[in-house]
Each structure stands twice: as structure tokens, then as C-alpha cells.
Student: 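I'd like to ask some things about the structure below.
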There are 2 protein chains.
Amino acid sequence: MLAYCLQVSDADLLFKALADPGRRKLLDRLHAHDGQTLGELCQHLDMTRQGVTQHLALLEAANLVAVQWRGREKLHFLNPVPMQEIYERWVRKFEKPRLKALHDLKRRLEDGDD
Amino acid sequence: MLAYCLQVSDADLLFKALADPGRRKLLDRLHAHDGQTLGELCQHLDMTRQGVTQHLALLEAANLVAVQWRGREKLHFLNPVPMQEIYERWVRKFEKPRLKALHDLKRRLEDGDD
DNA sequence: ACAATATGCAAGCATTTACTTGCATGTCAA
DNA sequence: TTGACATGCAAGTAAATGCTTGCATATTGT
């Protein structure tokens, strides 16, 4: 597949994107109000616009944020899917077996509902 | 509480610990076989012993690994609890609301069962 | 058309990170 | 008790990271 071209894994991009407090704060702000422009995200954030831009670039690379241009404005949208994948790979896998059955059941219910 | 003394948050230690492929590999190896010594963990890992030691120190700081001394050997054990907390704070929170009810139900069932 | 606005791009710098080498300490076993 | 083994500690280095400043580009509205 495409994996041959990648030098870093998805998990690497994902965890590195989440490893910074500023980037996590950006995710929280998008969670509170999705679709904000770069300028809006810069407000209340103690950093220059370029700093925020670079953080957002990493979040985009990790597929945690999707962008959409509207004229000269860049709108940012949260994508929760990679976080679900963290759950599958790094939380559910490490759970105690006793709890696993419940989670499996839950997952099946959700998949059916989707 | 103790939080006044901390310069970095739990989430910071946690995600930074998980942001390195070598450390994630260590977690996987402990998941496959818990309670390994440092020497055992060094095998099949393309790094010096000191490198592994430093990675394990970060995993300990993030409370993902607990250690127990047996004579001159240091045994390492996996602690899945912080990963559950990732789920609570960074996966469940960002889920679509429609799915949330199911998760809440599941959580209540688990809490009751614990 | 032109000024204001929204963002991109690139270079520079300070700090942190990942990793190594060398030596010290403590434990086991013959 | 002494040599082998398991690990700790500290300093040095190369690369990555976070952030800034300065300038370029594109869009909007008057």
C-alpha cells in the first residue's frame, strides 16, 4: 500500500501531535467551537500566529484536524477518528481481559448503529 | 494537593512517553510478557542498555510502568491505568454525542463491576 | 485600484530530546 | 572473597522541536 512511502507511522504522528500542551489546547478549543479560522484560534493563545500555524500543521499531518478554505479564511475542523484508533490500539489492547468483553460488545453495537 | 509542585501535567508526561516508537515498542514487549528485567528488554532492541534505561525512566514517570527489585534485577510491569485515563479525557470526550450514551452506560456497568 | 485583512513561507535561535561512551555501585555464585 | 553480572550515574553530542521575526501572497471591501 502507501505505507512504503511513509517514514513515520500514523501512531508516531498522532502521539507526537498530542504530546504538546498547546496543540491539545487547540483541540479543546475546536471541540468547544468547531470550524474556527486561524485568526480566531490565535486569540486567547499566548503565541504568535506562526506558532499556532505550525502546531495546526502537525495536527493536520496527524489527521486530527481538517481544513477548508473559504475565501482568504482557513476553517479548521476537528476529526475525532484518529483518537478512536488510539483507543483501539493503545487502550483497548491493554485493558484487563475481564473488561474486554464489555468493550467488544459495545463496539459491535456501535458498528451496527453506524 | 500535590499538583502545585508539578511543572508538567499528567497528560504531558503520558503523551510524551507514548510519542516515541521505541517506548511504544517497550510497552508492547511488556504486554507480551510482563515483569521482564532491563536486560531482557534490551534484547531484540537496537539500542544500548542506557538508552533503554532512559526510555523506561520516562515510562515510569508517566506511571505506565512500575518496577520491582529482585536482588540485582529490576523487574518491569505494565500499568494500563493511565491509558484508560487517556480514553476518558481524549477519546470519549471527542466522540460523537450519539455514541456517548452507550459509553456512559458501559462505564457505569464497569464501575459497578469493579 | 488600493488599503486592510488573512494567511503562507523561510531562515534563525534556544531548548529539549535521543543516544552514546565511560565509569561506579551493588549483588550473586563459585 | 573475588570475578562475573545487572544496573545506575554523569557528561557529551547530534538531531529534533518550539518559537520568533521578516517578508511574500492572495482576498476582501470601499
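So that the names make sense, note that chain A is the first sequence line, chain B the second, and so on, each numbered from 1. Since this is a predicted model, take the numbers as computed values, not measurements.
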Student: If two hydrophobic side chains count as joined below 4.5 Å and joins carry through other members, does L41(B) share a cluster with M47(B)?
Tutor: yes
Student: So, is H55(A) close to the dT17(D) phosphate, meaning a side-chain N or O under 4.0 Å from OP1 or OP2?
Tutor: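 So the side-chain polar atoms of H55(A) never come under 4.0 Å of the phosphate oxygens OP1 or OP2 of dT17(D).
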Student: What is the distance, to the nearest angstrom, from the CG atom on L58(A) to the P atom on dC19(D)?
Tutor: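 Rounding to the nearest Å, CG of L58(A) and P of dC19(D) are 11 Å apart.
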Student: Whole angstrom is fine here: how far is it from CG in L56(A) over to C1' in dT17(D)?
Tutor: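 Interatomic distance, CG of L56(A) to C1' of dT17(D): 16 Å.
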Student: Are the side chains of R24(B) and D12(A) in contact, using a 4.5 Å heavy-atom criterion?
Tutor: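 Heavy-atom side-chain distance check passes, below 4.5 Å.
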Student: Each nucleotide in nucleotides 2-16 of chain D should get exactly one letter: B, S or -. Can you fill that in based on protein heavy atoms under 4.0 Å?
Tutor: --BBSBBB-------
Student: Five pairs per end, C1' atoms only: what is the angle between the end axes of the helix from dA1(C)-dT30(D) to dA30(C)-dT1(D), to 10 degrees?
Tutor: 30°
Student: I need the CD-P distance between Q36(A) and dA6(C), as an integer number of Å.
Tutor: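 So the CD-P distance, Q36(A) to dA6(C), works out to 14 Å.
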Student: Going by ring-ring contact (aromatic ring centres under 6.0 Å, His included), name the pairs with one or both residues in residues 16-47 of chain A, residues two or more places apart or in two chains.
Tutor: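 Residue pairs passing ring-ring contact (aromatic ring centres under 6.0 Å, His included), neighbours aside: H31(A)-F94(B).
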Student: Distance from Q54(A) atom CD to L58(A) atom CG, nearest 0.5 Å?
Tutor: 8.0 Å
Student: Where is the tightest heavy-atom contact between D34(B) and H76(B), given as atom of each residue plus distance?
Tutor: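 Reported closest heavy-atom pair: OD1-O, 3.7 Å.
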Student: Contact class for R70(B) vs. all strands (heavy atom < 4.0 Å): base, sugar-phosphate, or nothing?
Tutor: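 Nothing, no nucleic acid heavy atom in range.
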Student: Would you call D20(B) and K25(B) a side-chain contact if the rule is heavy atoms closer than 4.5 Å?
Tutor: no
Student: Just say parallel, tilted or perpendicular for the rings of Y87(A) and Y87(B), cut-offs at 30° and 60°.
Tutor: tilted
Student: Taking the side chain as C-beta and beyond, is there a heavy-atom pair between L64(A) and L18(A) under 4.5 Å?
Tutor: yes
Student: Taking atom P of dA6(C) as reference, at what distance in whole Å does atom CD of Q68(A) sit?
Tutor: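 For the pair Q68(A) CD and dA6(C) P, the rounded distance is 18 Å.
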Student: Side-chain N or O of T48(B) versus OP1/OP2 of dC19(C): is the shortest distance under 4.0 Å?
Tutor: no
